[in-house]
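See structure below.
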Amino acid sequence: MGYILEKVDEAARLEEQSLMSAYSMQEELKFLRVSPSQETPFRMLDAGCGSGVLSRYLSEHFMGTSIEACDFSEHRIRQAKTRCQLPSHHKIHFFTSALEQLSVPDESYDLVICRYVYEHLANHSKVTSEFFRVLKPGGTVYLIDFDGIIFNLYHQNKRLGRLISKFKANLGLDLFIGRKMPGLLCAAQFQDVQWTVEAISFQGLNLQNEYRLMQQRLVFALPALKKALGSRKLAIEFKDLYCHEMLQPGSSLFYNKFIVHGVKPMGKKI
């Protein structure tokens with residue numbers, strides 16, 4: 001999904017998205033418990049940090065912790081650094097790294113949070129195993145992602161339905177990744193794997209805001225749409241039809257948000 005992640009305006013879209021109730025970090029992290037030790041700092045990793053919005057939130061709400069944030073994109077890291085304005089933000093350490101091979105030693109972190117990243121990954125198992133490797137025994141991984149984004153739009157446009165079916169068949173990405181994250185954690189040897197699922201419905205002002213964000217997403221995704229649908233003309237038609245149908249009476253849009261966490265067993269090493 002580099003066609004989206006490397007877009008100059010993607011950081012601004014992520015910042016706007018974070019202000020919407022459907023993407024509330026306060027709600028997503030309300031059960032997160034952090035217990036800093038007086039001997040050693042509680043180390044947290046924002047894995048796939050994007051614009052740094054999560055890292056900044058963590059620095060503001062979890063005092064006495066050590067926060068690191070990584071992204072494979074050097075451009076995105078530079079953008080994230082420029083958005084650090086408050087004193088608490090300056091304790092965040094940003095670094096460039098692919099999630100499939102994190103450039104940190106084994107057992108480095110007490111907590112790894114990966115938010116809205118799994119839908120962009122090609123090798124989910126490898127990334128999940130890396131999180132296991134870099135967590136300390138007893139450390140926690142926290143995954144947040146949607147399930148059914150793009151596809152959970154009910155509409156009555158037959159032409160759009162045919163384009164969505166073609167897009168789904170040729171996309172090469174898994175936009176139903178949310179439901180699979182508990183299994184990925186179990187396969188990577190995490191224990192006490194638990195999850196919550198919330199259906200996020202878009203109506204009224206929330207729908208208008210998501211409509212605006214979806215327009216931006218699909219513009220950024222035109223190269224992938226072109227590849228999946230076979231031509232730029234069809235990609236643009238898909239974008240226009242999809243956004244049009246979002247606002248039609250009787251259309252309904254929802255995403256299932258999965259929040260999944262697991263613990264690395266005590267004494268467990270790679």
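The chain is numbered in sequence order, starting from 1.
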Ring geometry between F190 and F132 (parallel below 30°, tilted from 30 to 60°, perpendicular above 60°): perpendicular
Sequence-distant partners of [X], ring pair (Phe, Tyr, Trp, His ring centres under 6.0 Å), two or more places apart:
X    : result
F146 : Y23, Y116, Y255
Y118 : H124
Y211 : none
H90  : none

Determine the minimum heavy-atom distance between [X] and [Y], stating which atoms define it.
X    : Y    : result
C49  : A69  : CB-CB, 3.7 Å
C243 : L218 : SG-CD1, 4.1 Å
E130 : L102 : OE1-N, 2.7 Å
G52  : F94  : CA-CE2, 4.4 Å
E100 : L121 : OE2-CD2, 4.3 Å
L99  : C114 : CD1-SG, 4.4 Å

Can you tell me how far [atom2] of [Y] sits from [atom1] of [X], rounded to the nearest 0.5 angstrom?
X    : Y    : atom1 : atom2 : answer
D71  : Q79  : CG    : CD    : 10.0 Å
L225 : F238 : CG    : CZ    : 6.0 Å
I259 : R115 : CD1   : CZ    : 9.5 Å
I236 : L241 : CD1   : CG    : 12.0 Å
L54  : M44  : CG    : CE    : 7.5 Å
F95  : C70  : CZ    : SG    : 4.0 Å

Applying salt bridge (Lys or Arg N to Asp or Glu O under 4.0 Å) as the test, list every pair that has at least one member in [range]; sequence neighbours left out.
range            : value
residues 49-66   : E15-R56
residues 193-208 : none
residues 145-164 : D147-R179, R159-E237
residues 181-192 : none

Donor-acceptor under 3.5 Å ([X] side chain, [Y] main chain):
X    : Y    : value
S251 : L247 : no
H61  : Y57  : yes
K239 : A221 : no
T96  : E74  : no

Single-linkage hydrophobic cluster, 4.5 Å side-chain cutoff, Y242 and L175 together: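 Yes, one cluster joins them.
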Residues, nucleotides or ligands: over 12 heavy atoms within 6.0 Å of F151 CZ: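 Yes, enclosed.
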Over 12 non-hydrogen atoms of neighbours within 6.0 angstrom of NZ in K226: no
What residues form a salt bridge (charged side-chain N to carboxylate O under 4.0 Å, His left out) with [X], not counting sequence neighbours?
X    : result
K233 : none
E245 : none
K168 : none
D174 : K180

Side-chain donor-acceptor pair present, S24, Q26, cut-off under 3.5 Å: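 Their side chains do not contain a donor-acceptor pair, so the 3.5 Å distance test is not met.
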Derivation and outcome, salt bridge (charged side-chain N to carboxylate O under 4.0 Å, His left out), residues E107 and R43: CA-CA 10 Å; E107 301 182 5; R43 296 185 66 187; over 6 Å; no
